[in-house]
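Order of the sequence lines sets the chain letters (A, B, ...), proteins ahead of strands, with each chain counted from 1.
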Amino acid sequence: MRRRLATSMVGGRIAAVDLRRPDLRRPFPRRFVERLTGQMVTALERRAKYLLATLSSEETLLMHLGMSGSFRVIRDQADGRKRRNPPSDPHDHVVFHMATGRAVVFNDPRRFGIMELVPAGRLPRHPVLSKLGPEPLSADFDAAVLALACHRKKTSLKAALMDQRVVAGLGNIYASEALHVAGLSPRRLASSLATISGAPRESAHRLVSAIKRVLEDAIARLAAPGHRGAPFLVYDRAGQRCSRSECDGVIRRRVQAGRSTFFCSVCQH
DNA sequence: ACACGGACCTGAAGGC
DNA sequence: TGCCTTCAGGTCCGTG
(Lines give C-alpha, C1' and ligand atoms only; values in the text may rest on other atoms or scores of the structure.)
Protein backbone atom coordinates (compact mmCIF):
# COMPACT_ATOMS: atom_id res chain seq x y z
CA MET A 1 0.00 0.00 0.00
CA ARG A 2 2.83 2.37 0.84
CA ARG A 3 4.54 1.72 -2.45
CA ARG A 4 1.38 2.25 -4.44
CA LEU A 5 0.49 5.49 -2.68
CA ALA A 6 4.05 6.81 -2.89
CA THR A 7 3.79 6.84 -6.68
CA SER A 8 0.88 9.24 -6.51
CA MET A 9 1.84 11.33 -3.50
CA VAL A 10 5.58 11.66 -2.92
CA GLY A 11 7.02 14.79 -4.49
CA GLY A 12 3.50 16.05 -5.16
CA ARG A 13 1.41 18.75 -3.64
CA ILE A 14 -1.97 18.32 -1.98
CA ALA A 15 -4.13 20.83 -3.83
CA ALA A 16 -7.34 20.16 -1.92
CA VAL A 17 -8.77 17.86 0.71
CA ASP A 18 -12.33 16.66 0.75
CA LEU A 19 -13.29 15.63 4.30
CA ARG A 20 -16.68 13.98 4.32
CA ARG A 21 -17.27 13.29 7.99
CA PRO A 22 -15.96 14.63 11.32
CA ASP A 23 -14.45 11.44 12.70
CA LEU A 24 -13.26 7.87 12.26
CA ARG A 25 -12.68 6.18 15.63
CA ARG A 26 -11.71 9.61 16.90
CA PRO A 27 -12.40 13.08 15.57
CA PHE A 28 -10.08 14.24 12.80
CA PRO A 29 -7.44 16.70 14.06
CA ARG A 30 -8.63 20.28 14.30
CA ARG A 31 -8.15 22.29 11.11
CA PHE A 32 -7.31 19.02 9.33
CA VAL A 33 -8.15 20.30 5.86
CA GLU A 34 -6.33 23.62 6.31
CA ARG A 35 -3.19 21.96 7.67
CA LEU A 36 -2.97 19.64 4.65
CA THR A 37 -4.01 21.92 1.83
CA GLY A 38 -1.05 23.20 -0.19
CA GLN A 39 1.48 20.92 1.49
CA MET A 40 4.10 18.99 -0.44
CA VAL A 41 4.41 15.33 0.49
CA THR A 42 8.15 14.81 0.82
CA ALA A 43 8.15 11.17 1.94
CA LEU A 44 5.80 8.28 2.58
CA GLU A 45 7.04 5.70 5.05
CA ARG A 46 5.64 2.78 7.00
CA ARG A 47 6.18 1.78 10.61
CA ALA A 48 4.34 -1.36 11.73
CA LYS A 49 0.83 -0.92 10.32
CA TYR A 50 1.05 2.87 10.25
CA LEU A 51 1.63 5.00 7.16
CA LEU A 52 3.60 8.21 7.73
CA ALA A 53 3.38 11.00 5.18
CA THR A 54 5.99 13.70 5.78
CA LEU A 55 4.76 17.15 4.81
CA SER A 56 6.65 20.31 3.87
CA SER A 57 5.04 21.98 6.91
CA GLU A 58 7.14 19.79 9.24
CA GLU A 59 4.06 17.90 10.27
CA THR A 60 3.53 14.21 9.59
CA LEU A 61 0.23 12.72 8.59
CA LEU A 62 -0.09 9.47 10.58
CA MET A 63 -2.56 6.97 9.13
CA HIS A 64 -3.84 3.50 9.99
CA LEU A 65 -6.26 1.37 7.99
CA GLY A 66 -7.87 -0.31 10.97
CA MET A 67 -9.75 -3.47 9.99
CA SER A 68 -11.54 -2.34 6.88
CA GLY A 69 -9.69 0.70 5.57
CA SER A 70 -8.29 0.99 2.06
CA PHE A 71 -6.92 3.57 -0.33
CA ARG A 72 -7.53 3.82 -4.01
CA VAL A 73 -6.03 6.14 -6.56
CA ILE A 74 -8.17 7.78 -9.23
CA ARG A 75 -6.23 9.02 -12.23
CA ASP A 76 -7.44 12.05 -14.08
CA GLN A 77 -9.54 11.44 -17.14
CA ALA A 78 -7.94 10.78 -20.52
CA ASP A 79 -8.89 14.20 -21.87
CA GLY A 80 -7.09 15.88 -19.00
CA ARG A 81 -10.15 17.26 -17.25
CA LYS A 82 -10.34 16.55 -13.58
CA ARG A 83 -13.29 14.55 -12.47
CA ARG A 84 -15.76 16.78 -10.79
CA ASN A 85 -17.28 13.91 -8.87
CA PRO A 86 -14.93 10.98 -8.42
CA PRO A 87 -16.81 7.70 -8.13
CA SER A 88 -17.60 7.34 -4.48
CA ASP A 89 -19.48 5.30 -1.95
CA PRO A 90 -20.80 6.22 1.49
CA HIS A 91 -17.57 5.04 3.13
CA ASP A 92 -15.22 7.28 1.16
CA HIS A 93 -14.32 9.53 4.09
CA VAL A 94 -11.31 11.51 2.87
CA VAL A 95 -10.15 12.49 -0.63
CA PHE A 96 -6.71 13.99 -1.21
CA HIS A 97 -6.76 15.87 -4.49
CA MET A 98 -3.18 16.06 -5.71
CA ALA A 99 -2.00 18.95 -7.86
CA THR A 100 -1.31 16.43 -10.65
CA GLY A 101 -5.01 15.76 -10.96
CA ARG A 102 -4.92 12.42 -9.25
CA ALA A 103 -7.15 11.75 -6.27
CA VAL A 104 -6.26 9.47 -3.37
CA VAL A 105 -9.40 8.21 -1.66
CA PHE A 106 -9.56 6.74 1.84
CA ASN A 107 -12.45 4.32 2.29
CA ASP A 108 -13.25 2.68 5.62
CA PRO A 109 -16.66 1.10 6.31
CA ARG A 110 -16.02 0.27 9.95
CA ARG A 111 -14.15 3.48 10.67
CA PHE A 112 -11.52 1.85 12.88
CA GLY A 113 -8.89 3.77 10.92
CA ILE A 114 -6.76 6.64 12.20
CA MET A 115 -5.64 9.95 10.72
CA GLU A 116 -3.58 12.24 12.90
CA LEU A 117 -1.23 15.15 12.36
CA VAL A 118 1.94 15.06 14.44
CA PRO A 119 4.72 17.68 14.58
CA ALA A 120 7.87 16.06 13.16
CA GLY A 121 9.83 16.48 16.37
CA ARG A 122 7.25 14.62 18.41
CA LEU A 123 6.96 11.63 16.10
CA PRO A 124 9.44 9.31 17.87
CA ARG A 125 7.66 9.81 21.19
CA HIS A 126 4.16 9.48 19.81
CA PRO A 127 2.20 7.03 22.02
CA VAL A 128 1.27 4.66 19.21
CA LEU A 129 4.79 4.49 17.79
CA SER A 130 7.02 4.60 20.84
CA LYS A 131 6.11 1.18 22.21
CA LEU A 132 6.44 -0.73 18.95
CA GLY A 133 8.86 -3.62 18.69
CA PRO A 134 11.26 -4.21 15.79
CA GLU A 135 10.27 -4.22 12.14
CA PRO A 136 10.01 -7.89 11.17
CA LEU A 137 11.89 -7.41 7.89
CA SER A 138 14.77 -5.45 9.39
CA ALA A 139 18.11 -6.98 10.34
CA ASP A 140 17.40 -5.98 13.96
CA PHE A 141 14.75 -8.65 14.10
CA ASP A 142 16.46 -11.97 14.66
CA ALA A 143 16.07 -15.10 16.78
CA ALA A 144 17.91 -13.60 19.74
CA VAL A 145 15.64 -10.55 19.81
CA LEU A 146 12.46 -12.61 19.45
CA ALA A 147 13.51 -15.09 22.13
CA LEU A 148 14.37 -12.32 24.56
CA ALA A 149 11.06 -10.55 23.95
CA CYS A 150 9.17 -13.79 24.56
CA HIS A 151 10.99 -15.55 27.35
CA ARG A 152 9.06 -14.02 30.22
CA LYS A 153 5.73 -13.85 28.49
CA LYS A 154 2.86 -15.83 29.93
CA THR A 155 0.87 -16.09 26.71
CA SER A 156 0.66 -18.36 23.72
CA LEU A 157 2.98 -18.02 20.77
CA LYS A 158 0.08 -16.78 18.64
CA ALA A 159 -0.80 -14.00 21.09
CA ALA A 160 2.88 -13.04 21.38
CA LEU A 161 3.22 -12.64 17.60
CA MET A 162 0.22 -10.31 17.61
CA ASP A 163 1.68 -8.23 20.43
CA GLN A 164 3.08 -5.21 18.59
CA ARG A 165 5.72 -4.72 21.30
CA VAL A 166 7.26 -8.10 20.44
CA VAL A 167 7.34 -7.59 16.67
CA ALA A 168 5.60 -4.72 14.93
CA GLY A 169 3.27 -5.29 12.03
CA LEU A 170 2.10 -8.89 12.14
CA GLY A 171 -1.67 -9.22 12.33
CA ASN A 172 -4.08 -12.08 12.72
CA ILE A 173 -3.60 -13.52 9.24
CA TYR A 174 0.18 -13.52 9.08
CA ALA A 175 0.61 -14.69 12.67
CA SER A 176 -1.22 -17.89 11.70
CA GLU A 177 0.63 -18.13 8.40
CA ALA A 178 4.07 -17.73 9.97
CA LEU A 179 3.41 -20.34 12.66
CA HIS A 180 2.32 -22.77 9.96
CA VAL A 181 5.45 -22.21 7.89
CA ALA A 182 7.59 -22.62 11.02
CA GLY A 183 5.76 -25.83 11.95
CA LEU A 184 4.97 -24.46 15.41
CA SER A 185 1.70 -24.84 17.30
CA PRO A 186 -0.08 -21.56 18.03
CA ARG A 187 -0.86 -22.90 21.52
CA ARG A 188 2.75 -23.27 22.60
CA LEU A 189 3.95 -20.96 25.30
CA ALA A 190 5.76 -17.94 23.91
CA SER A 191 8.47 -18.57 26.47
CA SER A 192 9.28 -21.91 24.84
CA LEU A 193 11.23 -20.03 22.16
CA ALA A 194 13.95 -19.29 24.72
CA THR A 195 16.13 -21.17 27.16
CA ILE A 196 16.03 -20.29 30.86
CA SER A 197 18.60 -17.59 30.27
CA GLY A 198 16.65 -16.14 27.36
CA ALA A 199 18.85 -17.50 24.58
CA PRO A 200 17.06 -18.50 21.37
CA ARG A 201 16.14 -22.11 20.79
CA GLU A 202 16.04 -23.61 17.33
CA SER A 203 12.29 -22.87 17.16
CA ALA A 204 13.02 -19.14 17.47
CA HIS A 205 15.30 -19.30 14.42
CA ARG A 206 12.65 -21.17 12.46
CA LEU A 207 9.94 -18.70 13.43
CA VAL A 208 11.96 -15.63 12.51
CA SER A 209 12.75 -17.10 9.09
CA ALA A 210 9.10 -18.01 8.59
CA ILE A 211 7.89 -14.52 9.53
CA LYS A 212 10.28 -12.87 7.09
CA ARG A 213 9.45 -15.28 4.28
CA VAL A 214 5.69 -15.01 4.76
CA LEU A 215 5.75 -11.20 4.75
CA GLU A 216 8.15 -10.92 1.82
CA ASP A 217 5.98 -13.28 -0.22
CA ALA A 218 2.81 -11.38 0.64
CA ILE A 219 4.34 -8.01 -0.25
CA ALA A 220 5.70 -9.37 -3.53
CA ARG A 221 2.30 -10.75 -4.46
CA LEU A 222 0.39 -7.63 -3.48
CA ALA A 223 2.85 -5.40 -5.33
CA ALA A 224 2.42 -7.35 -8.58
CA PRO A 225 0.16 -5.61 -11.09
CA GLY A 226 -3.29 -7.18 -11.18
CA HIS A 227 -2.58 -9.22 -8.08
CA ARG A 228 -5.18 -11.64 -6.79
CA GLY A 229 -6.41 -12.12 -3.26
CA ALA A 230 -3.64 -13.76 -1.33
CA PRO A 231 -3.82 -17.55 -1.32
CA PHE A 232 -3.30 -18.19 2.36
CA LEU A 233 -1.85 -21.49 3.59
CA VAL A 234 -4.09 -21.82 6.66
CA TYR A 235 -5.99 -18.57 7.28
CA ASP A 236 -9.75 -19.01 6.71
CA ARG A 237 -9.21 -22.58 5.56
CA ALA A 238 -10.84 -24.54 8.36
CA GLY A 239 -11.81 -28.01 7.18
CA GLN A 240 -9.49 -27.96 4.18
CA ARG A 241 -6.48 -30.19 3.73
CA CYS A 242 -3.10 -29.05 4.94
CA SER A 243 -1.11 -27.96 1.90
CA ARG A 244 2.26 -29.07 3.21
CA SER A 245 3.56 -31.96 1.13
CA GLU A 246 3.58 -35.30 2.98
CA CYS A 247 1.07 -33.94 5.52
CA ASP A 248 -2.43 -35.39 5.54
CA GLY A 249 -3.79 -33.09 8.25
CA VAL A 250 -6.86 -30.87 8.09
CA ILE A 251 -6.79 -27.17 8.97
CA ARG A 252 -8.55 -26.31 12.22
CA ARG A 253 -9.87 -23.06 13.65
CA ARG A 254 -9.72 -22.15 17.31
CA VAL A 255 -10.19 -18.92 19.22
CA GLN A 256 -7.20 -17.54 21.10
CA ALA A 257 -7.30 -14.22 22.93
CA GLY A 258 -10.55 -13.46 21.15
CA ARG A 259 -9.18 -13.98 17.64
CA SER A 260 -9.48 -16.87 15.20
CA THR A 261 -6.36 -18.93 14.78
CA PHE A 262 -5.95 -21.40 11.92
CA PHE A 263 -3.42 -24.23 12.04
CA CYS A 264 -2.69 -27.82 11.14
CA SER A 265 -2.61 -30.00 14.24
CA VAL A 266 -0.63 -32.67 12.43
CA CYS A 267 2.43 -30.72 11.27
CA GLN A 268 2.50 -27.86 13.81
CA HIS A 269 3.89 -28.75 17.23
C1' DA B 1 3.19 -4.89 35.06
C1' DC B 2 0.61 -8.04 32.65
C1' DA B 3 -3.19 -10.44 30.37
C1' DC B 4 -7.87 -10.69 29.23
C1' DG B 5 -12.51 -9.27 27.77
C1' DG B 6 -15.30 -5.90 25.92
C1' DA B 7 -15.97 -1.68 23.14
C1' DC B 8 -15.67 0.77 19.00
C1' DC B 9 -18.46 0.35 13.87
C1' DT B 10 -20.66 -1.61 9.53
C1' DG B 11 -21.61 -5.30 6.42
C1' DA B 12 -21.77 -10.07 4.79
C1' DA B 13 -23.32 -14.64 5.37
C1' DG B 14 -26.00 -18.24 7.21
C1' DG B 15 -29.98 -20.24 9.93
C1' DC B 16 -34.86 -20.26 10.64
C1' DT C 1 -38.79 -12.00 2.37
C1' DG C 2 -37.06 -10.67 6.70
C1' DC C 3 -35.19 -11.09 11.14
C1' DC C 4 -31.74 -12.95 14.02
C1' DT C 5 -26.94 -14.28 15.20
C1' DT C 6 -22.12 -14.66 14.22
C1' DC C 7 -18.04 -13.23 12.28
C1' DA C 8 -14.56 -10.03 10.10
C1' DG C 9 -7.56 -8.27 8.27
C1' DG C 10 -7.01 -3.76 14.83
C1' DT C 11 -6.40 -1.08 18.53
C1' DC C 12 -7.69 0.90 23.13
C1' DC C 13 -9.38 0.94 27.79
C1' DG C 14 -10.99 -0.86 32.12
C1' DT C 15 -10.57 -4.61 35.30
C1' DG C 16 -8.57 -8.26 37.92
Side-chain angles (χ1 to χ4, degrees), chain A residues 1-2 4 20-29 46-52 62-72 88-94 105-116 118 126-133 135-136 148-181 186-192 194 198 211 214-215 217-219 221-223 227-240 251-263:
Chain A
M1 179 60 72
R2 187 200 67 79
R4 189 147 15 109
R20 299 186 175 167
R21 56 172 298 125
D23 54 10
L24 297 171
R25 278 192 72 184
R26 303 162 177 278
F28 283 95
R46 181 194 56 74
R47 174 76 174 104
K49 298 171 195 168
Y50 295 90
L51 279 170
L52 302 159
L62 176 82
M63 299 177 280
H64 195 292
L65 299 174
M67 295 273 268
S68 58
S70 63
F71 283 100
R72 69 183 193 282
S88 71
D89 81 40
H91 304 299
D92 286 348
H93 304 310
V94 187
V105 182
F106 178 67
N107 180 285
D108 186 6
R110 294 177 74 180
R111 304 202 304 274
F112 290 166
I114 293 171
M115 287 212 186
E116 270 192 50
V118 185
H126 191 283
V128 300
L129 300 180
S130 62
K131 292 169 211 149
L132 293 171
E135 280 294 319
L148 214 50
C150 285
H151 87 126
R152 273 162 217 238
K153 287 190 79 75
K154 303 206 58 182
T155 48
S156 66
L157 213 37
K158 165 67 163 23
L161 290 187
M162 297 197 52
D163 184 339
Q164 303 295 297
R165 296 168 302 185
V166 171
V167 54
L170 278 186
N172 199 40
I173 292 178
Y174 296 113
S176 282
E177 296 291 286
L179 287 167
H180 179 73
V181 169
R187 307 171 76 183
R188 268 171 83 124
L189 251 28
S191 54
S192 71
I211 289 168
V214 158
L215 291 179
D217 285 359
I219 291 167
R221 275 201 311 271
L222 294 170
H227 68 263
R228 325 177 145 280
F232 300 124
L233 298 169
V234 289
Y235 181 79
D236 205 19
R237 286 188 177 269
Q240 299 180 34
I251 306 307
R252 308 236 272 232
R253 170 186 181 269
R254 92 178 324 121
V255 175
Q256 288 182 288
R259 313 299 302 275
S260 286
T261 300
F262 297 87
F263 66 103

Worksheet item: Can A:Leu65 and A:Phe106 be said to form a side chain to side chain contact (heavy atoms under 4.5 Å, CB included), step by step?
Response: CA-CA 9 Å; A:Leu65 299 174; A:Phe106 178 67; 3.7 Å; yes
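Here the side chains of A:Arg252 and A:Phe263 are in contact, with some heavy-atom distance below 4.5 Å.
Atom CD of residue A:Glu177 and atom CG of residue A:Leu170 lie 11.0 Å apart, to the nearest 0.5 angstrom. With values rounded to the nearest 0.5 angstrom, A:Leu233 atom CG is found 11.5 Å from A:Gln240 atom CD. One distance of note links CG of A:Leu157 with CE of A:Met162; it measures 12.5 Å at 0.5 Å rounding.
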Worksheet item: Using a cut-off of 4.0 Å between protein heavy atoms and nucleotide atoms, how would you tag nucleotides 4-12 of chain C 5' to 3' with B, S and -?
Response: ----BSBBS
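Other residues, nucleotides and ligands place more than 12 heavy atoms under 6.0 Å from the CZ atom of A:Arg47.
When the salt bridge (charged side-chain N to carboxylate O under 4.0 Å, His left out) test is applied to A:Arg46, the partners found at least two apart in sequence or on another chain are A:Glu135. Residues forming a ring pair (Phe, Tyr, Trp, His ring centres under 6.0 Å) with A:Phe28 (at least two apart in sequence, or on another chain): A:Phe32.
A distance of about 15 Å separates the P atoms of B:dG5 and C:dC7, rounded to the whole Å. Taking atom P on both C:dT6 and B:dG6, the two are 13 Å apart, rounded to the nearest angstrom. Between B:dC9 and C:dG14, the distance separating the two P atoms is 15 Å to the nearest Å.
Contacts classified as salt bridge (Lys or Arg N to Asp or Glu O under 4.0 Å) and involving residues 149-161 of chain A (residues at least two apart or in different chains) are given here: A:Lys153-A:Asp163.
Taking every nucleotide of DNA chain B with any atom under 4.0 Å from a non-hydrogen atom of chain A, the first and last of them, 5' to 3', are B:dA3 to B:dG11.
Both key distances under 3.5 Å define a Watson-Crick or G-U pair, and stretches of 3 or more such consecutive pairs in DNA chain B run B:2-8 with C:10-16, B:10-16 with C:2-8.
In this structure, A:Ser176 contributes its side chain and A:Tyr235 its backbone to no donor-acceptor pair below 3.5 Å.
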